[in-house]
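Take a look at the structure set out below.
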Amino acid sequence: MPPVPVASAPSPILEVPPHTTPQLAHTLKHDSSVLTLVVGADRVYAGTQNGEIVVWSLEDFQPVHRIQAHKRSIMSLCLSDDRSLLFSSASDPIVNVWCPATMVRLYEIYSTNDSFGDIFSVAYSPQYETVYYGAQNTSIQWVSLKDPDRRVSSDSASHPDRRNHRFFDSRAIGGTSTPRPTDERYNLIPQPHAVLETNKRANKMFAHYGYIYCMLITTGATAYANPEDDILISGGGDGTIKAWKLGGKEIGPDGYETGLEEIMVLGEDDANSVMSISVDGSFLYSGKLDGVIELWDLDTKQKLRVIKAHKGDVMSIHMGWGYLWSAARSGTVSKHSTAHYGKYELESSQDVSQKYQCLTQWKAHDGKILSSAVTTYEGKELYISGANDNTVAVWLLPSQSSPEQPTPQQNEDMMITSLREFVSYKTVSSRIEHAEDCRRGASFLRSLFKKLGGDVEMLSADDKLHHPVVLAKFSGKAMPASQRKRILFYGHYDVVPADPKKGKWENDPFQLTGLNGYLYGRGVSDNKGPIMAALYAVTDLMQAKSLDSDIVFVIEGQEESGSRGFKETIRKYKERIGHIDYILLANSYWLDDETPCLTYGLRGVMHATVCIESNNPDLHSGVDGSYMVNEPLSDLMMILAKLKGPRNHVMLPGFYDGILPLTAEEEARYDDILSVLMEQGKGRDRVSAKTLKANLMARWREPNLTHHKVKVSGPDGSLISNHASAKISVRLVPGQKVEEVTRSLTSFLEKEFENLDSDNKLSIEINEQAEPWLGDPGNYIFRTMEDAVLKAWDPLFTRRSSLRTSDATADANEASSSGGHTNRSYAKLGRPLYIREGGSIPAIRFLEKEFNAPAAHLPCGQASDSAHLNNERLRVLNISKSREIFRYIFQKL
């Protein structure tokens with residue numbers, strides 16, 4: 001399962017050692033205020049102001065469903081105890097019942113009372129299979145899900161959408177009624193399987209003398225009810241809390257059912273509204289206005305404690321792991337010690353007077369917190385809060401230990417913790433001011449590799465000017481050692497610049513941030529995240545005693561600046577690295593965001609600087625300019641223009657000689673790619689499959705020459721610069737030799753310059769060279785990698801394969817069950833796409849030749865990762881799956 005990513009820790013308002021402020025594990029953003037939320041076994045359900053229910057997975061924080069559930073704001077969500085039913089209420093006023101797994105709308109429930117108002121709260125009794133809902137008109141109403149007499153047709157005239165409203169639909173003689181509001185979103189609400197109309201007699205009017213803000217069902221909480229019976233507890237705007245006995249069917253003297261029988265009233269009718277309640281054993285906690293929490297004993301009806309917990313109204317309150325968690329409209333969350341009973345009761349005595357101290361308080365949201373939940377997921381204790389800043393925040397709690405409680409195991413995933421620290425180092429190799437950061441980043445890697453069991457060295461070429469290469473060896477257990485396979489994993493710890501002041505970064509690029517299922521930070525995708533995934537895959541195998549082969553990590557520090565010094569360093573320490581059987585790297589991305597890929601080809605590159613200088617100083621074009629002056633910039637433009645002909649044809653002699661022809665196998669791979677891209681919409685912008693295919697081939701398997709930028713001497717103005725230079729690059733493909741192209745370019749430019757008969761001087765500097773690389777998709781390492789990808793992403797490929805025969809039906813059903821929103825992928829393939837790329841990685845072909853070993857390339861991220869751009873990211877699911885894939889590869893090779 002993917003780990004919970006740790007993003008950051010907020011600034012605490014209060015901390016009482018050893019208790020600390022939780023870390024913000026992830027932020028889930030929506031486009032509307034989050035008014036209510038609940039958490040299931042592995043999902044978070046949020047009800048929003050715009051009437052939607054949004055569902056996210058706790059496994060990878062990806063959105064699972066987004067349903068237009070109500071016409072107006074969702075006021076309350078409730079899960080049944082067995083998590084088989086999800087209830088939602090709103091200001092429609094409608095109560096809906098959903099299947100939490102599929103978000104199919106099972107029931108629609110309504111009242112026939114015109115002045116019902118908003119439904120602030122909903123609760124469900126599994127004992128009586130009855131839904132209770134509390135409303136703005138001070139009533140609590142109820143309906144049994146199993147009562148056949150309550151079922152009506154979907155077009156019932158009594159439905160709030162169709163019946164005549166005494167106020168809004170009234171009109172004087174000759175007048176008109178108020179038009180009913182309409183919104184195209186209303187059509188997105190799924191149709192229910194059944195419609196239930198609440199019996200007019202199943203109604204407790206004036207249950208409170210105020211709005212019914214909160215309700216819950218509990219058992220065994222008070223001596224005033226049978227311990228096995230469900231009771232309903234409600235909190236109202238009048239300031240009171242009431243407990244109700246359930247299940248009566250008789251008609252009372254007031255003409256209403258006795259389905260609610262009041263058995264207890266706590267508090268005064270002082271209009272100090274009860275906004276939230278929570279029960280632990282016989283203790284009841286109520287969150288009230290102005291930051292007050294009251295503690296009541298349901299056995300004695302006594303108020304035991306009044307706690308001033310916040311500056312704002314306490315909107316949500318929960319018991320979790322023996323502590324009291326409260327959230328307020330002020331945006332703060334507090335954690336208090338408790339005298340815990342019920343599920344958290346311990347054998348030691350509980351002294352109420354010594355408890356209820358605030359242990360931690362922090363600012364959790366910029367807006368008003370309106371809801372929260374607590375849960376334990378895969379051993380990780382999570383506090384989840386929702387607010388009107390349109391976000392759900394997932395907080396990873398530190399160890400909830402106290403003197404009376406056992407200490408749980410460490411619950412933070414070390415891969416994400418390591419990645420967070422790795423990202424914090426500003427390892428920008430292209431800027432001299434970050435040279436020390438690069439060294440510190442290399443030192444961090446050295447320490448981490450060593451801590452996890454590696455034999456580590458820092459390698460540098462003789463000149464010591466380049467950042468060190470980190471070499472780490474993890475020995476397998478297969479014997480004899482001479483017969484163990486040795487796998488080299490190549491990566492780089494340096495990154496491209498990221499300036500949050502000049503760019504559009506949403507967060508500090510050097511602080512790992514989790515948002516909507518993604519990790520954001522410079523280098524998280526290119527290439528720090530994949531390095532961590534590979535490293536922790538090795539540690540997984542070592543802990544399981546399943547690592548047979550030797551794994552050799554070679555992590556350089558200047559890949560983003562041309563891999564300067566890398567070749568010299570590897571050659572110097574080649575014997576120390578030892579023989580290598582396979583080479584693996586993970587330094588690229590999928591072709592889209594849906595389909596796992598394997599990369600088997602990269603273009604090479606040659607960067608050059610062409611310079612023309614004059615013996616003259618900078619001259620004024622008016623005073624000194626004439627046909628007798630050979631201007632360096634003009635000379636430069638003329639020879640550069642000779643490099644390319646019509647339709648961008650490169651004019652270097654023999655430039656296209658030797659390019660490998662397109663084979664039937666390769667063309668079939670392009671056809672596989674097109675089948676995915678065209679069905680996912682890449683070809684919908686009036687681009688034919690033929691054009692898209694030609695575009696991919698031009699970028700991946702055809703060479704190209706590009707003019708980048710021109711520099712001239714002197715200030716801006718009407719000058720004849722004495723110096724002009726241009727940066728150019730040539731992208732090469734398999735079959736072309738970088739040395740031959742370099743010689744051809746140099747001789748071509750020299751000849752064209754000679755034809756100018758200029759008295760200026762030409763110089764050509766080759767800044768960087770990298771050979772193209774073409775792997776063999778049919779060899780053992782690629783076959784192993786494909787098996788690993790299929791195993792890790794098996795549900796994805798299985799689902800896509802099934803779509804081939806059920807696209808239309810599945811789309812229709814999903815659109816119906818999700819209110820018109822679908823997340824369906826239309827890819828048909830049953831295996832990963834084999835792709836090539838137009839970019840270059842200087843080290844890959846060099847390592848292949850140097851160690852005489854085949855290389856394979858695993859893209860870890862998605863096309864939208866924004867590597868090298870603002871807001872670089874990597875999906876949580878992808879880094880977890882990459883770890884799983886590397887584990888399989890290292891074990892099988």
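For the single chain, residues carry numbers from 1 onward in sequence order.
- The side-chain heavy atoms of His857 and Asn587, taken from C-beta on, include a pair separated by under 4.5 Å.
- Summarising the geometry, atom OG belonging to Ser882 is positioned 13.0 Å from atom CE belonging to Met532; distances are rounded to the nearest 0.5 Å.
- Checked against a 6.0 Å centroid threshold, the rings of Phe566 and Tyr490 count as neighbours.
- Considering every non-hydrogen atom in both Ile659 and Gln736, the closest pair reads CG1-CG, 4.1 Å.
- Shown here for Leu591 and Ala863, the closest heavy-atom pair between the two residues is O-CB, 3.6 Å.
- Looking only at side-chain heavy atoms (C-beta outward), Leu774 and Tyr600 come within less than 4.5 Å of each other.
- For the residue pair Trp395 / Gln23, no side-chain donor-acceptor distance below 3.5 Å is found, with atom types taken as modelled.
- Counted by atom type alone, Thr595 and Asp592 present one or more donor-acceptor pairs between their side chains at under 3.5 Å.
- Using modelled atom types and a 3.5 Å distance limit, the side chains of Glu837 and Ser588 yield a donor-acceptor pair.
- A side-chain donor from one of Tyr425 and Glu421 sits under 3.5 Å from a side-chain acceptor of the other.
- For the pair Ser675 (side chain) and Asp672 (backbone), a donor-acceptor distance under 3.5 Å is present.
- Under the salt bridge (Lys or Arg N to Asp or Glu O under 4.0 Å) criterion, Asp671 pairs with Lys693, sequence neighbours left out.
- Taking the six-membered ring where tryptophan is involved, the planes of Phe782 and Tyr834 are tilted, since the angle between them lies from 30° to 60°.
- Side-chain contact, Gln862 with Tyr518: a donor N or O sits under 3.5 Å from an acceptor N or O.
- Counting only N and O atoms by type, the side chains of Gln769 and Thr742 include a donor and acceptor under 3.5 Å apart.
- Other residues, nucleotides and ligands contribute over 12 non-hydrogen atoms within 6.0 Å of the NZ atom of Lys574.
- Scanning all heavy atoms of the two residues, the minimum distance from Val789 to Pro596 falls at CG1-CB, 3.8 Å.
- Panel note: side chain Arg603, backbone Trp773; no donor-acceptor pair is recorded below 3.5 Å.
- Put simply, the side chain of Asn870 never gets that close to the backbone of Trp505: no donor and acceptor are under 3.5 Å apart.
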**OP:** Step by step, work out the side-chain contact (heavy atoms from CB on, under 4.5 Å) result for Asp794 and Leu790.
**Re:** CA-CA 5 Å; Asp794 176 64; Leu790 287 172; over 6 Å; no

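- A search for side-chain hydrogen bond (donor to acceptor under 3.5 Å, both in side chains) contacts involving Tyr520 returns Arg873, not counting sequence neighbours.
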Discussion item. Go through it in stages, so that I can follow the logic: the residues are Arg887 and Asp540, the test is salt bridge (charged side-chain N to carboxylate O under 4.0 Å, His left out), and I'd like the CA-CA distance, side-chain angles, deciding distance and then a yes or no.
Written reply: CA-CA 7 Å; Arg887 188 164 60 235; Asp540 291 342; 2.7 Å; yes

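- Residues forming a salt bridge (Lys or Arg N to Asp or Glu O under 4.0 Å) with Arg564 (at least two apart in sequence, or on another chain): none.
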- Item | Working for side chain to side chain donor-acceptor pair (under 3.5 Å), residues Asp593 and Ser864 | CA-CA 7 Å; Asp593 281 0; Ser864 62; 2.6 Å; yes

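- Listed for the Trp700 side chain is a donor-acceptor partner under 3.5 Å among the backbone atoms of Arg836.
- Proximity of a side-chain donor or acceptor of Asn878 to a complementary backbone N or O of Cys860 within less than 3.5 Å is detected.
- A donor-acceptor pair is defined here as one N or O able to donate and one able to accept, closer than 3.5 Å; such a pair exists between the side chain of His26 and the backbone of Gly517.
- In this structure the side chain of Phe846 never reaches within 4.5 angstrom of the side chain of Glu771, judged on heavy atoms.
- Side-chain contact, His868 with Asp526: a donor N or O sits under 3.5 Å from an acceptor N or O.
- Residues Val741 and Val730 approach most closely at CG1-CG1, 4.1 Å, considering heavy atoms.
- Taken from CD1 in Ile577 to CZ in Arg571, the straight-line distance is 12.0 Å, to the nearest 0.5 Å.
- Taking Arg484 as the reference, Asp550 meet the salt bridge (Lys or Arg N to Asp or Glu O under 4.0 Å) condition, with sequence neighbours excluded.
- Between atom CD1 of residue Ile835 and atom CG of residue Leu598 there is a gap of 8.5 Å, rounded to the nearest 0.5 Å.
- Two residues are said to be in side-chain contact when any heavy atoms from C-beta on lie closer than 4.5 Å; Trp56 and Gln62 fail this criterion.
- Inter-residue side-chain proximity for Arg522 and Val496 is flagged as met; some heavy-atom pair is nearer than 4.5 Å.
- Side-chain contact check for Thr427 and Lys528: at least one donor-acceptor pair (N or O, by modelled atom type) lies under 3.5 Å.
- Interatomic distance, CD1 of Ile781 versus CD1 of Ile487, reported as 7.5 Å (0.5 Å rounding).
- Annotation: the span from His467 atom NE2 to Glu436 atom CD amounts to 10.0 Å, rounded to 0.5 Å.
- Side chains of Gln511 and Ser424: a donor-acceptor N/O pair is absent below 3.5 angstrom, by distance only.
- Listed for the Arg43 side chain is no donor-acceptor partner under 3.5 Å among the backbone atoms of Glu59.
- Residues Tyr888 and Asp787 form a side-chain contact, since some pair of their non-hydrogen atoms from C-beta on lies under 4.5 Å apart.
- Looking at Arg783 and Asn779, their side chains never bring a donor and an acceptor atom within 3.5 Å of each other.
- Remark: side-chain polar atoms of Thr569 are paired, donor with acceptor, to backbone N or O of Ala461 under 3.5 angstrom.
- Residues that satisfy the side-chain hydrogen bond (donor to acceptor under 3.5 Å, both in side chains) test with Ser840, not counting sequence neighbours, are Arg731.
- Checked by atom type and distance alone, the side chain of Asp42 never pairs as donor or acceptor with a backbone atom of Leu58 at under 3.5 Å.
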Worksheet item: Step by step, would you call Glu560 with Ser430 a side chain to side chain donor-acceptor pair (under 3.5 Å)?
Response: CA-CA 7 Å; Glu560 300 291 6; Ser430 61; over 6 Å; no

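- The backbone N or O of Phe510 sits less than 3.5 Å from a side-chain atom of Asp508, completing a donor-acceptor pair.
- Between Lys485 and Lys892, the closest side-chain pair of non-hydrogen atoms is not below 4.5 Å.
- Across Thr513, Val423, Leu419, a single residue satisfies side chain to side chain contact (heavy atoms under 4.5 Å, CB included) together with Leu519, and that is Leu419.
- Closest of all the heavy-atom pairs between Gly523 and Glu872 is N-OE1, 3.0 Å.
- The two residues Val605 and Val738 have their closest heavy-atom pair at O-CG2, 4.1 Å.
- Each ring-ring contact (aromatic ring centres under 6.0 Å, His included) pair with one or both residues in residues 521-564, not counting sequence neighbours, appears once here: Phe449-Phe553, Phe474-Phe553, Phe489-Phe553.
- The closest side-chain heavy-atom distance from Thr27 to Val394 is not below 4.5 Å.
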- Query: So Trp793 and Trp590, ring-ring contact (aromatic ring centres under 6.0 Å, His included) or not? Walk me through it.
  - Reply: CA-CA 14 Å; Trp793 293 99; Trp590 296 351; 5.3 Å; yes

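- Here CD of Glu850 is found 8.5 Å from CD1 of Ile570. Values are rounded to the nearest 0.5 Å.
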